[in-house]
2 protein chains.
Amino acid sequence: MTGASDDSGPRTADPPASSAHVAEKLALAIHEHRILPGTKLSEDEVGEVFGVSRTVVRAALQHLSHDQLITLRRNRGAFVAQPSIPEAREVFEARALLEPRTARSAAERTAPADLTRLQAHIDAEHAALAAGEVGRAVYLSGQFHIEIARIASQDTIREFITQLVARSSLIIALYWQRRSALCESHAHSALMRALAAHDGTLAEEVMQGHLLDLVSSLDLQNRAAAPRSLHEVFGGR
Amino acid sequence: MTGASDDSGPRTADPPASSAHVAEKLALAIHEHRILPGTKLSEDEVGEVFGVSRTVVRAALQHLSHDQLITLRRNRGAFVAQPSIPEAREVFEARALLEPRTARSAAERTAPADLTRLQAHIDAEHAALAAGEVGRAVYLSGQFHIEIARIASQDTIREFITQLVARSSLIIALYWQRRSALCESHAHSALMRALAAHDGTLAEEVMQGHLLDLVSSLDLQNRAAAPRSLHEVFGGR
DNA sequence: TGATACATTGTTGTATACGATCCCGCAGGT
DNA sequence: ACCTGCGGGATCGTATACAACAATGTATCA
């Protein structure tokens, strides 16, 4: 109410404006590095942006907090999470446990329609890179991994991988080192070929190597990167 | 509100009654089979029991919903989840991916204090079984698995295992077949011995076998168990 | 001049109020 | 007798109001 229909700006107020919707939008923005780690997400502010009350914002923030995308500090507010270096290692260790075996399962049941979608992901990722939208490329790259879990028909594991991929996006935002074009695309293509050939063993190996490459592209030795301050993040905002 | 101190019955109104506290209490009750799958958790009712408002209850329910311990249905309410047979399989497949390797890691860094705690868990489990408290035994059995992830110093994976163990408890409530005393205790002891010997390979194997045993003790073929109704669950309430 | 204590302000935590949606039971028609 | 449309009751979804806490800025004192 209160004339939420027009409001000032963004899309807002499509139909129901459920909390899940707000959470999704925020998650996407974080995933695409449109909101950087450490940023404060004030309830009032978010509510105003999306044209909803603090109640629904609060629910959305709690949801994101549970995915460890944001950190909720009592009486202080919500902040985009800043995974520490140990946490970053753990995330990729968890991925190393889950994804290779899942890729194997996926290879054994890949259908033609799946390959079409995977190719679409890769194409979109290339397009985003060509357009200079690095954040979006990171997001799409993550979606590729999630898609593989979907092919494996493992919803539970897919849920976990979804969380890990989202956190990986934060980790990339914090510890990305090698800004050379995402060579991952190559790995993704190789993975897709392994799936097309129904070669589970190969898919598992490729995925394992891909994840190792990803970790090695991060700077997880330098301990100075962790206590990154807000001012540092924002540059000179 | 106000005057929630005495109320009618249960513990209620300890001190602050934060939403996390309510969620934890509910989770424990579900975990111990004090609340059975399919049970409706009305916001008003839960709020009254714990002496808090619907706001905090809602937050707690959302938290549990995210862990898939309860199912939230729009305008219908919250119900304790009833994992389907495919979901049950997925849960144990995920555990099979995570836990054996985690047990291996744990074995390589088990400290004396860890063994003490593990033994305490096993003892408590035996005591619960001796007292006929099957639900509590199931809970403690799950905590044992979580403790292993803690020893492995893998907080992220531990979080996942915590979720999976909780869901496993629901699955056991629904599909438990072999009511013979939980032979798991034996497996847990074997696991502890492997950890004490720092034998990672053995620990991994024992854990894998233990999980397979667990699955085989369930009835995941019978499809009639799924659509269990509320009245059936409650008997004649 | 520097440090501490206090008042102020802003933000979150919780409770309550109102509106929307859905389920259940009943009247009426075919 | 069965099916269909409608109304009552209850529950959830969202918004708002008040209270508590933390952070900040200012004034006073050593």
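Keep in mind that what you see is a predicted model, and the values were worked out from it rather than measured. In what follows, chains carry the letters A, B, and so on, assigned in the order in which the sequence lines appear, proteins first and then strands, with residues in each chain numbered from 1.
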For [X] and [N], what is the distance between atoms [atom1] and [atom2] respectively, to the nearest whole Å?
X	N	atom1	atom2	result
A:R76	D:dA22	CZ	P	8 Å
A:E45	C:dG10	CD	P	15 Å
A:D44	C:dT12	CG	C1'	9 Å
B:R73	C:dT21	CZ	C1'	14 Å
B:E43	C:dA15	CD	P	13 Å

Does [N] have its OP1 or OP2 closer than 4.0 Å to a side-chain nitrogen or oxygen of [X]?
X	N	answer
A:S42	C:dT12	yes
B:R54	C:dT16	no
A:T55	D:dT14	no

Taking the side chain of [X] as its heavy atoms from C-beta onward, which of [options] lies nearest to it?
X	options	result
B:V52	D:dC12, C:dA15, D:dA15	C:dA15
B:N75	C:dT21, C:dT11, C:dA15	C:dT21
A:K40	D:dT11, D:dA22, C:dT11	C:dT11
A:R74	C:dA15, C:dT14, D:dC21	C:dT14
A:V56	D:dA15, C:dT14, D:dC21	D:dA15

Given B:L140, B:I122, B:L118, the one that forms side chain to side chain contact (heavy atoms under 4.5 Å, CB included) with B:H188: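 Exactly one pass, corresponding to B:I122.
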
Atom of A:I85, atom of A:Y175 and distance for their closest heavy-atom approach: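 Closest approach of A:I85 to A:Y175, heavy atoms only: N-OH, 3.5 Å.
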
Distance-minimising heavy-atom pair for B:V22 and B:V46: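 That would be CG1-CG1, 4.2 Å.
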
Passing candidate, side-chain hydrogen bond (donor to acceptor under 3.5 Å, both in side chains) with A:T156, options B:E90, B:R95, B:E93: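 Exactly one pass, corresponding to B:E90.
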
